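Here's the structure we're looking at; comments come further down.
Chain letters run A, B, ... following the sequence lines, proteins first and then strands; every chain starts at 1. Since the model is a prediction, treat every value here as computed from it, not as a measurement.
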Protein chains: 2
Amino acid sequence: MSAKEEKYETLKLGNQLCFPLYACSKEIIRKYKPYLDEIDLTYTQYITMMVLWEQKSLNVKTLGEKLYLDSGTLTPVLKKLESKGYITRERSNEDERNLLVTITEEGEQLRERALSIPPAMGSCVKLSPEESELLYNLLYKIIGNVR
Amino acid sequence: MSAKEEKYETLKLGNQLCFPLYACSKEIIRKYKPYLDEIDLTYTQYITMMVLWEQKSLNVKTLGEKLYLDSGTLTPVLKKLESKGYITRERSNEDERNLLVTITEEGEQLRERALSIPPAMGSCVKLSPEESELLYNLLYKIIGNVR
DNA sequence: CAAGAATAAATTTTATACTATTTAATTATA
DNA sequence: TATAATTAAATAGTATAAAATTTATTCTTG
């Protein structure tokens, strides 16, 4: 390898860790689309509903901390979910700065229809349980380091 | 654990592999921002330049295959890079359907200024070389499986 | 060699995302 | 307690992304 090639080695796309992360994330979300289309959710709406299926009611800030998203992204997502009838949005009585997001009965029912999605996606990704766990731990390690 | 909790276990955010992938990708790109701001590039513009630093000239389709992006995303990115003087865009003589993207002298010079970015980012991610390689391989394995 | 098929970009539409700013409400403090 | 500081959402502006459609060009094949 020439001296010049050596010098710029670290700037090659194939030597980045960020690029496969970015590409992999996008490709998986793309792969979700046909399944999510069946329940008329986008990926962002889906992970938002996931939080609400576990915790029936919370404010935008707490939701954003769980999803690593801020109100600039969440406000339009939540308005959309409200228009679909899956959530309600109302200011908290104790502190009116907080907008309380609460799942509706229809939102609860959607959970049933979403049950088929994780196994379908798992069969696309095709990692062994050991590989999945390894990847999971490495990703959360980076998230912890970066933040 | 109750039967109901058991049933919905797979729909919990903490049990997804896609979510940490998505979150990790975004957090890393966010971490790039201050470094990329110094050379006035966005992340998408940066990975585009990376390809062009390696291969001086190619058409939009080939570029898109390398970056997993289509012309809908690349066209505005390339117009921006052109306006900054880092690339030229011209139709190929052999086949006028192809738009040939070519790096300029200024684009080449930018490579020098970008040299400091990979080591700065590496120190943020804080994975050992072994962990990095493991992660790299798992990510490309998924990309290969999904596509 | 002309009509149709295929290909490459660009454009359109919808939905994210991030940063910075603004607005409204609450808390802290001088 | 009036004012400043802080906090939570919403908004504005810029930049991605994906899918679908359109346009222009080239290839295929009858």
- Task: Show your reasoning for whether side chain to side chain contact (heavy atoms under 4.5 Å, CB included) applies to B/Y68 and A/Y22.
- Result: CA-CA 10 Å; B/Y68 304 104; A/Y22 158 84; over 6 Å; no

If I take atom [atom1] in residue [X] and atom [atom2] in nucleotide [N], what distance separates them, rounded to the nearest angstrom?
X     : N      : atom1 : atom2 : value
A/L58 : D/dA8  : CG    : P     : 13 Å
B/L74 : D/dA15 : CG    : P     : 15 Å
A/N98 : C/dT27 : CG    : C1'   : 14 Å
A/E90 : D/dA9  : CD    : C1'   : 15 Å
A/D95 : D/dT7  : CG    : P     : 12 Å
A/L63 : C/dT16 : CG    : P     : 13 Å
A/L78 : D/dA9  : CG    : P     : 10 Å
A/K79 : C/dT16 : NZ    : P     : 14 Å

Does a side-chain N-to-carboxylate-O contact under 4.0 Å join [X] and [Y]?
X      : Y      : result
B/K56  : B/E108 : yes
A/R89  : A/E82  : yes
A/K141 : B/E131 : yes

- Item | Residue mapping more 5' on DNA chain D - nearest nucleotide basis, A/S71 or B/I29 |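 Its nucleotide being nearer the 5' end, the pick is A/S71.
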
- Task: Identify, between A/T75 and A/R30, the residue whose nearest nucleotide on DNA chain D lies closer to the 5' end.
- Result: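 Per heavy-atom nearest nucleotide, the more 5' residue is A/T75.
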
- Task: For side chain to side chain donor-acceptor pair (under 3.5 Å), just list the numbers for B/S25 and A/S25, CA-CA rounded to whole Å, side-chain angles, deciding distance to a tenth of an Å, and then say yes or no.
- Result: CA-CA 7 Å; B/S25 169; A/S25 168; 4.5 Å; no

- Under 4.0 Å between a side-chain N or O of A/R91 and OP1 or OP2 of C/dT23?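 For C/dT23, neither OP1 nor OP2 has a side-chain N or O of A/R91 closer than 4.0 Å.
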
From the options [options], select the nucleotide whose nearest atom is closest to the side chain of [X].
X     : options                : answer
A/T44 : D/dA9, C/dA17, C/dT19  : C/dA17
A/K80 : C/dA10, C/dA15, C/dA24 : C/dA15
B/N59 : C/dA9, D/dA9, D/dT6    : C/dA9
A/K61 : D/dA9, C/dT16, C/dA9   : D/dA9
B/L69 : D/dA9, C/dA9, D/dA18   : D/dA18
B/T73 : D/dA18, C/dA9, C/dA6   : D/dA18
A/T42 : C/dA8, C/dT26, C/dT16  : C/dT16
B/Q45 : D/dT16, D/dA18, D/dA9  : D/dT16

- Message: Go nucleotide by nucleotide along DNA chain C from the 5' end; which of A/S92 and A/I47 gets its closest nucleotide reached first?
- Response: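 This one resolves to A/I47.
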
- Between A/E94 and B/G72, which is nearer to the 5' end of DNA chain C once each is assigned its nearest nucleotide?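 On the 5' side of the pair lies B/G72.
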
- Query: Looking only at atom types and distance, does a side-chain atom of A/D70 sit under 3.5 Å from a main-chain N or O of A/G72, one as donor and one as acceptor?
  - Reply: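 Such a contact is found between A/D70 side chain and A/G72 backbone.
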
- Looking only at non-hydrogen atoms, find the nearest pair between A/D40 and A/K84 and report the distance.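 Shortest heavy-atom separation between A/D40 and A/K84 comes out as O-NZ, 2.7 Å.
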
- What residues in residues 17-28 of chain B put a non-hydrogen atom under 4.0 Å from any atom of DNA chain C?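 B/Y22, B/K26 - these, ordered by number, are the residues of the stretch whose heavy atoms sit under 4.0 Å from the strand.
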
- Message: If you apply the rule side chain to side chain donor-acceptor pair (under 3.5 Å), what do you find for B/N59 with B/T62, and how did you get there?
- Response: CA-CA 6 Å; B/N59 66 8; B/T62 311; 2.5 Å; yes

